[in-house]
Amino acid sequence: MEREVRVRFAPSPTGPLHIGGVRTALYNYLFAKKMGGKMLLRIEDTDQNRFVPGAEDYIFQSLEWCGIKLDESPVHGGPHAPYRQSERKPMYMDYALKLVNDGHAYYAFDTAEELDAMRERLKAAKVATPQYNAITRNTMRNSLTLPEDEVKELLESGTPYVIRLKVPRKEEIRLKDLIRGWVLVHSSSIDDKVLMKSDGMPTYHLANIVDDHLMDITHVIRGEEWLPSAPLHVLLYRYLGWESTMPEFAHLPLLLKPDGNGKLSKRDGDKLGFPVFPLEWHDPFTGEKSSGYRESGYLPEAFVNFLAFLGWNPGTHQEIFSMDELAEAFSIERIGKSGTRFDINKARWYNEQYLRAKPDAELAQYLLAALAEHNIACSEEKAVKIASVMKERVTFPQDFWREAAYFFVAPETYNEKVAEKKWNNAAVAVFEDFKNQLPNIQEYTADNIKALLLQILEQHNMKIGQVMQALRLALTGLEAGPDLMAIIEIIGPDETAKRIETATEKLQAYIPS
RNA sequence: GGCCCGUUCGUCUAGGGGUUAGGACACCAGAUUUUCAUUCUGGUAACAGGGGUUCGAUUCCCCUACGGGCUACCA
């Protein structure tokens with residue numbers, strides 16, 4: 001019997017989604033798409049203490065920006081609504097109680113202080129793993145140690161309690177991971193995890209099993225940090241009687257900091273010199289602002305392509321993939337096992353590739369938008385020309401303005417080194433003639449402009465290499481840039497003449513005597 | 001500390017018992033050019049170490065080292 005593939009992305013709204021979370025969502029999406037299945041988003045907000053306003057909205061915006069489409073979610077709705085665990089609160093207790101009745105879970109009344117004391121005691125006794133487990137639960141205050149009527153009384157009097165899973169003392173738990181193969185864990189290394197908290201909310205462990213089962217999830221694709229608790233989840237499926245429809249697991253290798261020193265985390269913010277968030281984030285508590293890939297100028301297609309290759313590869317030499325191509329090529333088997341260091345260089349390269357693949361007219365819009373902000377008028381035609389000469393030299397859309405402002409604004413300062421080396425009387429004399437004859441050009445094109453310059457150069461007995469740097473300096477103030485003749489064509493004869501005049505005045509001091 | 005996972009160029013990775021260990025980013029050099037960039041060509045650079053198994057291990061097994069994750073009434 002083939003079940004329809006159903007995967008879920010289940011973030012908790014405790015802040016902005018970070019890049020590792022985006023990758024997890026992406027892999028889920030690619031897998032669902034590849035298999036012709038469905039992807040849903042479930043908000044895991046069972047810890048009300050960690051609620052961060054705006055976080056949920058941020059998650060949706062991020063996925064939308066990336067082009068990750070959801071079939072079911074709190075905002076898209078779906079047959080398994082609600083998709084927010086806080087709204088599903090009433091349903092979890094039944095399952096917890098079932099576990100209690102079946103002898104797989106129990107009430108525990110220990111206070112935080114008592115738990116601390118227990119751990120201290122075990123630590124002092126040099127116990128390797130101080131935990132609430134098959135041995136220690138016998139010394140604690142729970143429904144396994146207390147007389148039945150006392151338990152009843154405590155419950156009825158409203159004493160705070162939690163429900164803990166009764167993990168067997170000696171049992172091998174096997175777990176098949178799609179990426180790592182069989183993982184064997186002994187039950188003695190798992191503690192009696194809290195299933196229901198004293199505030200009536202389930203913990204992640206219970207909630208995710210109940211919801212994944214109810215929502216018909218077939219594959220759980222999540223970060224490697226969940227691998228240690230996966231055996232516990234297997235136990236829960238078993239005790240709840242759902243083992244036959246238990247989803248398959250795939251635990252993704254983590255995204256590491258560039259130095260390999262620990263996993264990339266939200267707290268890294270901008271400390272590493274690159275964004276860790278897809279979109280800019282304003283912390284509602286501290287007011288702190290963290291940069292995002294979108295605002296930094298990364299195109300979503302480039303960002304997605306880059307992210308997909310962090311830990312996965314198609315096994316071919318193709319590097320550029322659209323979302324559809326990624327989905328087509330995707331398979332869980334080709335996800336790597338080891339942690340992936342983050343390298344922003346590759347992201348920049350991808351961005352350049354995607355930018356250059358765009359038609360000039362589209363790139364021109366980036367420039368036009370920036371110009372509008374600076375209240376500078378510019379024709380569509382001119383913007384397209386500039387985009388065309390700049391596209392091979394930009395990494396981000398902002399660069400069209402940032403690195404090409406001289407098309408609109410005359411230079412106010414000039415590169416000193418070039419001025420010292422290249423500005424001289426011979427060059428100035430050429431420019432003077434050039435400036436004066438510019439209006440004579442019939443058809444004002446880069447080719448014709450060059451022909452004129454060459455002709456003047458010949459009259460002066462000079463070669464083009466002797467003046468180009470100086471001319472570029474006069475017109476742009478810079479030492480480098482796109483083809484100068486194209487620049488002259490674009491800024492026009494009047495502006496060119498004006499800039500030559502200005503430079504001749506301002507650079508007088510650099511002329512060697 | 002305990003448990004779990006991992007380890008191929010600087011980085012992302014392909015590969016797999018016998019290969020000149022392949023690609024991409026980055027880096028370096030050359031070519032082109034009016035500069036820088038682009039582009040093209042070429043180059044440097046890797047199987048963590050030690051034991052097995054085997055005719056032969058980078059590939060399979062074990063150990064060590066190193067790295068990472070988990071170890072909450074957080075997810």
Side-chain angles (χ1 to χ4, degrees), chain A residues 10-14 44-47 49-50 85 108 110-112 115 119 123 126-132 160-164 175 177 179-180 183-186 188-191 193-205 207-208 222-231 251 253-254 256-258 260-263 306 309-320 334 336-350 352 356 390-394 403 415 418 422 450 453 463-473 476 478-485:
Chain A
S12 64
T14 54
E44 309 233 325
D45 54 352
T46 51
D47 186 354
N49 298 321
R50 294 212 300 161
Q85 290 184 328
D110 316 277
T111 63
L115 290 171
R119 293 197 183 97
K123 241 187 260 175
K126 300 261 187 336
V127 173
T129 48
Q131 55 184 17
Y132 207 118
Y161 67 92
V162 301
I163 295 179
R164 283 180 182 272
L175 159 85
D177 184 274
I179 294 172
R180 287 150 219 287
V183 177
L184 237 94
V185 181
H186 196 90
S188 62
S189 65
I190 303 173
D191 61 347
K193 280 273 179 301
V194 170
L195 265 19
M196 293 297 294
K197 301 188 258 190
S198 57
D199 63 2
M201 275 287 197
T203 58
Y204 167 84
H205 301 292
N208 108 86
R222 80 235 287 197
E224 194 185 0
E225 69 266 32
W226 293 111
L227 194 51
S229 57
H251 288 95
L254 266 16
L256 272 23
K257 296 176 209 266
N261 213 223
K263 67 171 173 176
F306 161 71
F309 271 68
L310 245 32
W312 172 87
N313 78 86
T316 66
H317 285 168
Q318 185 181 344
E319 304 276 341
I320 305 292
R334 295 205 66 88
K337 291 178 171 62
S338 48
T340 305
R341 293 192 197 195
F342 192 86
D343 181 14
I344 195 66
N345 254 328
K346 197 94 174 221
R348 293 170 56 93
W349 179 79
Y350 268 113
E352 288 166 359
R356 283 168 203 173
M390 291 301 293
K391 71 189 293 184
E392 298 294 319
R393 37 205 325 123
V394 297
E403 289 179 21
N415 181 294
V418 179
K422 304 286 185 180
K450 187 168 189 179
L453 181 63
K463 279 191 264 171
I464 195 163
Q466 292 174 270
V467 299
M468 286 303 268
Q469 283 280 77
L471 187 53
R472 179 181 297 283
L473 183 73
T476 71
L478 303 176
E479 72 293 345
D483 177 54
L484 232 204
M485 299 307 139

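Below, chain A is the first sequence line, B the second, and so on; all start at residue 1.
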Does any N or O in the side chain of [X] come within less than 3.5 Å of the main-chain N or O of [Y], such that one atom is a donor and the other an acceptor?
| X | Y | answer |
| --- | --- | --- |
| Tyr204(A) | Thr46(A) | no |
| Arg334(A) | Trp312(A) | no |
| Arg472(A) | Pro482(A) | yes |
| Asp45(A) | Gln85(A) | yes |
| Asp110(A) | Leu115(A) | no |

>> On RNA chain B, compare the nucleotides closest to Met485(A) and Asp191(A); which residue's is nearer the 5' end?
In response: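 Result: Met485(A).
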> Mapping Gln469(A) and Trp349(A) onto RNA chain B by nearest heavy atom, which one lands closer to the 5' end?
Replying inline: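 With Gln469(A) and Trp349(A) compared, the 5'-side residue is Trp349(A).
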Using both distances under 3.5 Å as the test, list the Watson-Crick or G-U wobble partner of [N], or none.
| N | answer |
| --- | --- |
| C40(B) | G30(B) |
| U59(B) | none |
| G1(B) | U71(B) |
| C66(B) | G6(B) |
| U54(B) | none |

Heavy-atom side-chain contact between [X] and [Y] under 4.5 Å:
| X | Y | value |
| --- | --- | --- |
| Thr203(A) | Lys193(A) | no |
| Ile179(A) | Glu224(A) | no |
| Lys346(A) | Phe309(A) | no |

Rounded distance (Å) that lies between atom [atom2] of [N] and atom [atom1] of [X]:
| X | N | atom1 | atom2 | answer |
| --- | --- | --- | --- | --- |
| Glu225(A) | G67(B) | CD | P | 20 Å |
| Phe306(A) | A24(B) | CZ | C1' | 13 Å |
| Leu310(A) | C12(B) | CG | C1' | 7 Å |
| Ile163(A) | C73(B) | CD1 | P | 15 Å |
| Glu392(A) | U38(B) | CD | P | 9 Å |
| Trp312(A) | A24(B) | CH2 | P | 17 Å |
| Ile190(A) | G2(B) | CD1 | C1' | 14 Å |
| Arg348(A) | C25(B) | CZ | P | 14 Å |

Categorize [X] for me: base, sugar-phosphate, or nothing, with a 4.0 angstrom heavy-atom threshold over every strand shown.
| X | result |
| --- | --- |
| Arg119(A) | sugar-phosphate |
| Gly260(A) | sugar-phosphate |
| Pro11(A) | nothing |
| Asn415(A) | nothing |
| Asn49(A) | nothing |
| Arg164(A) | sugar-phosphate |
| Gly336(A) | nothing |
| Gly223(A) | nothing |
| Glu479(A) | base |
| Tyr204(A) | base |
| Thr46(A) | sugar-phosphate |
| Lys263(A) | sugar-phosphate |
| Val194(A) | sugar-phosphate |
| Leu254(A) | sugar-phosphate |

What integer number of Å spans the [atom1] atoms of [N] and [M]?
| N | M | atom1 | value |
| --- | --- | --- | --- |
| U58(B) | C9(B) | C1' | 14 Å |
| G10(B) | C47(B) | C1' | 16 Å |
| C61(B) | C5(B) | P | 13 Å |
| G67(B) | A48(B) | P | 16 Å |
| C66(B) | G49(B) | C1' | 10 Å |
| G1(B) | G18(B) | P | 38 Å |

Measuring from the side chain of [X] (C-beta onward, heavy atoms only), which nucleotide among [options] has the closest atom?
| X | options | answer |
| --- | --- | --- |
| Arg334(A) | A24(B), G15(B), A75(B) | G15(B) |
| Trp226(A) | G68(B), U35(B), A75(B) | A75(B) |
| Ser198(A) | G2(B), G69(B), C73(B) | C73(B) |

> Among Glu225(A), Arg180(A), Arg222(A), which one satisfies side chain to side chain donor-acceptor pair (under 3.5 Å) with His251(A)?
Replying inline: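 Of Glu225(A), Arg180(A), Arg222(A), side chain to side chain donor-acceptor pair (under 3.5 Å) with His251(A) is met by Arg222(A) alone.
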>> Regarding C3(B), can its base be found pairing with the side chain of Ser189(A) as donor and acceptor, where the two atoms are less than 3.5 Å apart?
In response: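 By the distance-only test, no, there is no pair.
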> Which residues pass the side chain to side chain contact (heavy atoms under 4.5 Å, CB included) test with Asp47(A), sequence neighbours left out?
Replying inline: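 Counting only residues at least two positions away or on another chain, Asp47(A) forms a side chain to side chain contact (heavy atoms under 4.5 Å, CB included) with Asn49(A), Arg50(A), Lys197(A).
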> According to a strict under-4.0 Å criterion, is Asn313(A) in side-chain N/O contact with OP1 or OP2 of A14(B)?
Replying inline: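 Asn313(A) to A14(B) OP1/OP2: side-chain N or O found under 4.0 Å.
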> Taking only side-chain nitrogens and oxygens of Lys193(A), does any of them come within less than 4.0 Å of OP1 or OP2 of A75(B)?
Replying inline: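 False: Lys193(A) side-chain N/O out of range (4.0 Å or more) of A75(B) OP1/OP2.
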> Arg341(A) and Pro258(A): which non-hydrogen atoms are nearest, and at how many Å?
Replying inline: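 Taking Arg341(A) first and Pro258(A) second, the nearest heavy atoms are CD-O, 3.4 Å.
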Output one line per pair: protein atom, nucleotide atom from nucleotides 4-11 of chain B, and distance, for all N/O pairs under 3.5 Å.
unit_1: C5(B); atom_1: O2'; unit_2: Arg180(A); atom_2: NH1; d: 2.5
unit_1: C5(B); atom_1: O2'; unit_2: Glu224(A); atom_2: OE2; d: 3.0

